[in-house]
Structures are given as C-alpha cells and as structure tokens.
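Below you'll find the structure, written out as structure tokens, and then a few comments.
We use all heavy atoms of the structure for the numbers below, so side chains are in, but hydrogens, waters and symmetry mates are not. Because the structure is a prediction, the values reported are computed rather than measured. Each chain gets a letter, A, B and so on, in the order the sequences are listed, and its residues count up from 1.
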2 protein chains.
Amino acid sequence: MNQNIVELFKANQIKNTTQRHRVIEYLIKCKEPVTAESIYIALFEDDAYEDKVNLSTVYRILDLFVKQSIVLRNSFGNEHKSTYEFNRREHKHHLICVKCNKVTSIKGCPLKAYEQDLGNQTHFKILEHRLEIFGVCPSCQERGN
Amino acid sequence: MNQNIVELFKANQIKNTTQRHRVIEYLIKCKEPVTAESIYIALFEDDAYEDKVNLSTVYRILDLFVKQSIVLRNSFGNEHKSTYEFNRREHKHHLICVKCNKVTSIKGCPLKAYEQDLGNQTHFKILEHRLEIFGVCPSCQERGN
DNA sequence: ATCGCAAATGCAAATCAATCGCATTTGCGA
DNA sequence: TCGCAAATGCGATTGATTTGCATTTGCGAT
Ligand SMILES: [Mn+2]
Ligand SMILES: [Mn+2]
Ligand SMILES: [Zn+2]
Ligand SMILES: [Zn+2]
C-alpha cells in the first residue's frame, strides 16, 4: 500500500480502492503512454495480486483520473484508441517514429511567444496546445527504409 | 460533372465514379474538416442526386483519397473519430474552441527552426508535425463561462 | 471494531466508428 | 458496344469504449 498514492487520492477526494491503487501505481511506473487494454493486461499478469481488474473498471478509473487531471489522455496520429499517462505536471510534446511507433517525450516548448501573438490576432483566449512531431528514429534509420 | 475533378482523378489514376465525384466535390466545398458520417448525410440530403452513397463506400473512398494525399485525415483532441478535409497543399494548424468545438485553420508555422534543432538533438529524421491549439473563441467568451 | 450505505466493481450486453465479405453493378479501355 | 476488373451496396463483423444492473467494498459515523 503505497502511502504517496493514498495521499494523492486523499488530496483529490478519490476513494482508495484496490483497483484504483493498482492502476495509478502502474501508470506512475510507465515511462510512456499506454492503452487501457495494456494496463488491463499488465495488472492481470502482475503476480503481486491474485485478482484481475475488470476492463470496464480500468476505463472507469481512467475517466475519473482524467477528470481530476491526475492522468492525461492522448491519442496519437490517427489512431482511434486512447493512451494514458500519469500527469507529471510538466509541459511536454511527443516525438513519434512513423516506422516503429515508438513515442518519445520531449521537454521544452517553442511556442510561448507564438501563442501570445495568435491570441492577439484571433481574439481567442488561448489555453493550451498539443504538438506531435513525426519522424524516423535512429534505430529505424539504421535498419534502412 | 465538374471537369476539374475529372482532371484531378485522371492525374491520380482514380476511376471517376459518381460516388467519388460527389464525395470530393463536397469536401472541396467544406471550409473545415468533416466526419465520414457528416459527408454521408450531406450527400444523402443533396437534392441534386436521387441516390445516396453507402456509408461503407464513403469510408472506402476516403481511404483511397487519403492514400493518394488528395484528402487529409485528422482526429482532434481525444475524439476517437476521424475528420477529413480536402488537401489544399498548404501547411497549416488548427485552433479549436473548447466550448463550441469550432475548428479554425491557421496558416503559418512557427516550428521550422525548432524542427531543425530537434532533428540534430535527437537524431530523428523529422518528417512532419501536428499542432493543435485549444482556446475559447470570441463568441464563446462573450456568452460568458 | 462494527454497521450502513453510497459509491465502486464485475460481468454481460450495448454502442459507435470503422472495416469486411460477397453478390451485384459500373466505368472505361479495347 | 463488349468484357471484365474494379467499385459499390448491404449486412455482418470488429475493436474500442460505454452502460445497466446485481453484487461487493471502502469509509464515515456510531
Ligand atoms: Mn508546447
Ligand atoms: Mn507547422
Ligand atoms: Zn522507429
Ligand atoms: Zn467557441
């Protein structure tokens, strides 16, 4: 029973259930965004617990976490499935290899000034942005094609 | 029978069927990205033709157009459905109102230099990027909330 | 520590976008 | 005009996500 997670839930008024605990514990360990299905499988295969967490429950838990901004939901490229990642509260973007689909996080944002200008020009109140950059990763370049 | 479209198809070795003609004709008219379903409905309601185009056919036609780069496929935010737009061959981004979901196209790209740097740092071969900016449009700001 | 009960979960069925199999139709080169 | 590969219509299917409902569980109040 990870005490940091208990605190996190308390701070967000989230009831501390076994299932929620396991989901967020797993997401915190993940270095890159994962699908609901892959969370389900990972928890299923985790020998530390005997029970598996129902897939609908995984979805319901993720919805809750996203609503509370504990977790971020993405969907890259034109995939019609979502991926989820623990919200580490750092503004970042993603670099995606079009060959192997590997997702790399990149910190640092080149858009501060641009957003300012854009707000002035369009009279939108700019809130946030999403930037995905596509390319071929070093390994895939080596392998050719 | 729009002759420009006939030429466009010929140039891309696409057989000129009634259904394809109607789909691209409609997309060319659209100012913003639309879903497959909304194309289907628009064609269905178009009094200029008696027949409707089957939804599967709309999807197949869109896949073909996307493969040929005549049409671009997007999916905004965390929507798990795609939108399509005629490829006007201009690099652009989208500004999306988080209240009314209106999508506005914005031309001009602030990322040229950044992509260069990023390629050098990560050794990825950078190919393209997708930038979506979220905010509140002027009308929604007026209406308050 | 126990109780009560609203909230959370499990399971199966439903939904929604997108895709597919197959019988029928159609565009287009010969 | 003909022949036929390619395209379409239509119904069934898939894959991701959501929902209804009966059962279980966490946790505040006793
Ligand atoms: Mn940024
Ligand atoms: Mn750009
Ligand atoms: Zn790669
Ligand atoms: Zn708006």
A/K67 NZ - D/dT18 P separation (whole Å)
10 Å
Would you say B/Y49 has more than 12 foreign heavy atoms packed within less than 6.0 Å of its OH?
yes
Sidechain-backbone polar pair: A/D46 side chain, A/A42 backbone, donor-acceptor under 3.5 Å
no
Round to the nearest Å and state the distance from A/E79 atom CD to D/dA16 atom P.
10 Å
Taking atom P of C/dT9 as reference, at what distance in whole Å does atom CG of A/N16 sit?
10 Å
Rounded interatomic separation in angstrom, taking CD1 from B/I41 and P from C/dC16
13 Å
When both distances are under 3.5 Å in a Watson-Crick or G-U wobble arrangement, the nucleotide paired with D/dT14 is C/dA17
Can you measure B/I39 atom CD1 to C/dA17 atom P for me and round it to whole angstrom units?
14 Å
Quick one: is B/Y59 getting a side-chain N or O under 4.0 Å of the C/dT19 phosphate, OP1 or OP2?
no
How does protein reach along nucleotides 7-12 of chain D, written 5' to 3' as B (base within reach of a heavy atom under 4.0 Å), S (only sugar-phosphate), or - (no contact)?
SBBBB-
Whole-Å distance between C/dA18 P and B/L62 CG?
9 Å
Strictly below 4.0 Å, N to O, side chains only: are A/E79 and A/K81 in salt-bridge contact?
yes
Nucleotide C/dT9, atom C1' - distance to OH of A/Y40 in whole Å:
13 Å
Rounding to 0.5 Å, atoms CD1 (A/I14) and CD1 (A/I24) come to a distance of 7.5 Å
So which nucleotide does C/dC28 pair with, by the Watson-Crick or G-U wobble rule with both distances under 3.5 Å?
D/dG3
Ring-face cation of B/R20 near B/F9 (centre distance under 6.0 Å, axis angle within 45°):
no
Measure from NZ on A/K81 to P on D/dT14 and round the result to the nearest Å.
17 Å
A/Q116, CD: over 12 other non-hydrogen atoms inside 6.0 angstrom:
no
Between A/S105 and A/E32, is there a side-chain heavy-atom distance shorter than 4.5 Å?
yes
Should D/dT19 form a Watson-Crick or G-U wobble pair with both distances under 3.5 Å, which nucleotide is its partner?
C/dA12
